[in-house]
J.: 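I am attaching a structure below and will ask some questions about it afterwards.
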Amino acid sequence: FLLMIRRPPRSTQSRSSAASDVYKRQGINAEYMGKMKKRKIATQLVKMLDRNNPDLLIISLVFLKKLSIFAENKDEMLQNKIIQKVGRFLNCMNPVLTQLALRLFLNLSFDKSMRADIEKNGLLPKIVELLKATQFRAIVLCLVYLLSTDDKIRNSLAGTELHHLVYQLILHFPEPILGRELIALGINLAANKRNAELLSQGDMLDNFCLLYTSDAADDLLCVDLGGRRIINKK
């Protein structure tokens, strides 16, 4: 079936619809997509995640990530317990597998059922822990932001180190402009009572207030944290 999911010939990519454009960008032709759905390729790929061969696992995760942007495949993956199977790569010794697992989770986390399954399988602490690793931080911030859109998951995140890590990242952000994902995540956490209480403990709230400068009040186009423009209202 790997021959089926190779990049299709250029001559087959002449469709003009928005849907076919998505297929083109993902290197998957609509005809091939229909064949893969009919033959339950997603199911076969999920089953391969039980193997221990790194090369096979990488190939499986790459194609699962491509297939995961389509809702019908997400349902099939959920039925085959993809969250539970991919979760084991979050703390493995192979950074390539971890990176691919996080990117697959990011695609899947747009679906509410997938987000709930991530929480159900106890993966939130593992995902939050990866914020400490620089090479995974950008993708983890995006993933945790999506997870934090559910209030039930925000309550669960209060039981992790997330509030402390977000506080430290905002305080010591290395760039002149704070990342939007980081700010959005902080806002989502602050909108939850349990996390808001944690973010206001000790000197956290005072330090947040100190970041705000009087210059921001004069500039209606942005919010300024320590001289950093982070939210453009245009």
Side-chain angles (χ1 to χ4, degrees), residues 46 49-50 52 54 57-58 60-62 64-65 68 77-78 81-175 178-205 207-208:
V46 173
L49 298 179
D50 292 327
N52 292 316
L57 291 172
I58 288 172
S60 300
L61 287 170
V62 166
L64 282 168
K65 182 173 71 71
S68 65
M77 292 176 189
L78 186 62
K81 302 181 179 180
I82 189 172
I83 298 299
Q84 181 179 346
K85 292 177 181 290
V86 176
R88 73 184 182 106
F89 303 120
L90 293 179
N91 56 356
C92 71
M93 299 301 293
N94 189 324
V96 176
L97 290 176
T98 301
Q99 186 78 252
L100 287 171
L102 288 170
R103 292 190 177 280
L104 176 55
F105 271 173
L106 180 62
N107 281 2
L108 296 174
S109 63
F110 283 91
D111 183 271
K112 187 172 183 178
S113 298
M114 291 291 187
R115 294 196 297 269
D117 211 37
I118 289 175
E119 181 196 17
K120 180 181 177 181
N121 281 278
L123 298 178
L124 294 180
K126 293 181 180 180
I127 293 172
V128 170
E129 182 71 17
L130 288 173
L131 269 177
K132 299 176 182 178
T134 307
Q135 68 267 38
F136 304 131
R137 188 168 295 154
I139 187 72
V140 173
L141 278 174
C142 294
L143 173 57
V144 178
Y145 163 70
L146 285 174
L147 293 172
S148 70
T149 57
D150 291 350
D151 197 56
K152 185 175 183 295
I153 294 180
R154 285 199 291 265
N155 282 328
S156 298
L157 287 171
T160 69
E161 296 181 82
L162 183 60
H163 66 283
H164 178 71
L165 291 173
V166 168
Y167 166 74
Q168 291 294 331
L169 286 173
I170 292 176
L171 240 60
H172 305 291
F173 198 76
E175 301 295 332
L178 288 172
R180 292 180 182 272
E181 293 82 5
L182 177 57
I183 293 301
L185 175 56
I187 291 172
N188 278 0
L189 293 180
N192 174 267
K193 183 179 180 180
R194 289 184 63 193
N195 284 287
E197 290 173 352
L198 292 170
L199 287 169
S200 60
Q201 287 181 348
D203 59 355
M204 283 189 180
L205 187 58
N207 286 333
F208 278 133

J.: To the nearest 0.5 angstrom, please state how far the CG atom of L131 sits from the NE2 atom of H164.
T.: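 Answer rounded to 0.5 Å: 12.0 Å.
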J.: Tell me, which pairs form a side chain to side chain donor-acceptor pair (under 3.5 Å) where one or both residues lie in residues 93-102, sequence neighbours left out?
T.: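 Output for this query is empty, none listed.
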J.: When you compare the side chain of I127 with that of T160, does any pair of heavy atoms fall below 4.5 Å?
T.: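 No, every pair of side-chain atoms sits at 4.5 Å or beyond.
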J.: I'd like to check the side-chain hydrogen bond (donor to acceptor under 3.5 Å, both in side chains) partners of S68; sequence neighbours left out, ordered by chain and number.
T.: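 For S68 the side-chain hydrogen bond (donor to acceptor under 3.5 Å, both in side chains) partners, ignoring immediate neighbours, are N107.
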J.: Among all residues two or more places apart in sequence or in another chain, which pass the side chain to side chain contact (heavy atoms under 4.5 Å, CB included) test with A158?
T.: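 Result, side chain to side chain contact (heavy atoms under 4.5 Å, CB included) vs A158: R194, N195, L198.
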J.: Where is the tightest heavy-atom contact between V46 and M77, given as atom of each residue plus distance?
T.: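 Answer, listing the atom of V46 first, then M77: CG2-CG, 4.3 Å.
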J.: Is the backbone N or O of S148 less than 3.5 Å from a side-chain atom of R154, with the two atoms forming a donor-acceptor pair by type?
T.: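 Checked: pair present.
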J.: Tell me every residue that passes salt bridge (charged side-chain N to carboxylate O under 4.0 Å, His left out) with D150, counting only those two or more places apart in sequence or in another chain.
T.: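 Per chain and number, D150 pairs via salt bridge (charged side-chain N to carboxylate O under 4.0 Å, His left out) with R115.
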J.: For atom CZ of F136, is the number of surrounding heavy atoms from other residues, nucleotides or ligands below 6.0 Å larger than 12?
T.: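 Counting neighbours around CZ of F136, more than 12 heavy atoms of other residues, nucleotides or ligands fall under 6.0 Å, so yes.
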J.: So, the side chain of D117 versus the backbone of S113: is there a donor-acceptor pair under 3.5 Å, distance only?
T.: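 It does not hold such a pair.
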J.: Rounded to the nearest 0.5 Å, what's the gap from CG on L64 to CG on L57? Could you check?
T.: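 It is 10.5 Å, given to the nearest 0.5 Å.
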J.: What's the shortest heavy-atom distance between S109 and L146, and which atoms?
T.: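 Shortest heavy-atom contact: OG-CD1, 3.3 Å.
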J.: Scan the side chains in residues 81-90 for donor-acceptor partners under 3.5 Å anywhere in the protein, sequence neighbours excluded, and list what turns up.
T.:
residue	atom	partner	partner atom	Å
K85	NZ	D50	OD1	2.9
K85	NZ	D50	OD2	2.8
R88	NE	L49	O	3.3
R88	NH2	L49	O	2.7
R88	NH2	R51	O	2.6

J.: Just how far is it from atom OG1 of T149 to atom CZ of F110, taken to the nearest 0.5 Å?
T.: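 The OG1 atom of T149 sits 9.5 Å away from the CZ atom of F110.
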J.: Could you pull out all residues at least two apart from S60 that satisfy side-chain hydrogen bond (donor to acceptor under 3.5 Å, both in side chains)?
T.: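 S60 satisfies side-chain hydrogen bond (donor to acceptor under 3.5 Å, both in side chains) with no other residue.
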J.: Can you run down the salt bridge (Lys or Arg N to Asp or Glu O under 4.0 Å) pairs that involve residues 130-144, sequence neighbours left out, and say none if there aren't any?
T.: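 Output for this query lists E129-K132, K132-E161.
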J.: Let me confirm one number: the CD-CG distance from E181 to L141, rounded to the nearest 0.5 Å.
T.: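 Rounded to the nearest 0.5 Å, the CD-CG separation comes to 7.0 Å.
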J.: Checking N91 now: which residues fulfil side-chain hydrogen bond (donor to acceptor under 3.5 Å, both in side chains) with it, not counting sequence neighbours?
T.: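 Counting only residues at least two positions away or on another chain, N91 forms no side-chain hydrogen bond (donor to acceptor under 3.5 Å, both in side chains).
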J.: I need the K152 NZ to N192 CG distance, nearest 0.5 Å.
T.: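 Result: 12.5 Å between the selected atoms.
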J.: Sequence neighbours excluded, which residues qualify as side chain to side chain contact (heavy atoms under 4.5 Å, CB included) partners of A196?
T.: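 Here no residue qualifies.
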J.: Please list all pairs meeting salt bridge (Lys or Arg N to Asp or Glu O under 4.0 Å) that have one or both residues in residues 95-112, counting only residues at least two apart or in different chains.
T.: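 Residue pairs passing salt bridge (Lys or Arg N to Asp or Glu O under 4.0 Å), neighbours aside: none found.
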J.: Test of understanding: with side-chain hydrogen bond (donor to acceptor under 3.5 Å, both in side chains), list the residues that count as partners of S156, not counting sequence neighbours.
T.: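 For S156 the side-chain hydrogen bond (donor to acceptor under 3.5 Å, both in side chains) partners, ignoring immediate neighbours, are E119.
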J.: What's the spacing between L157 CG and L189 CG if we round to 0.5 Å?
T.: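 Reported value, rounded in 0.5 Å steps: 6.5 Å.
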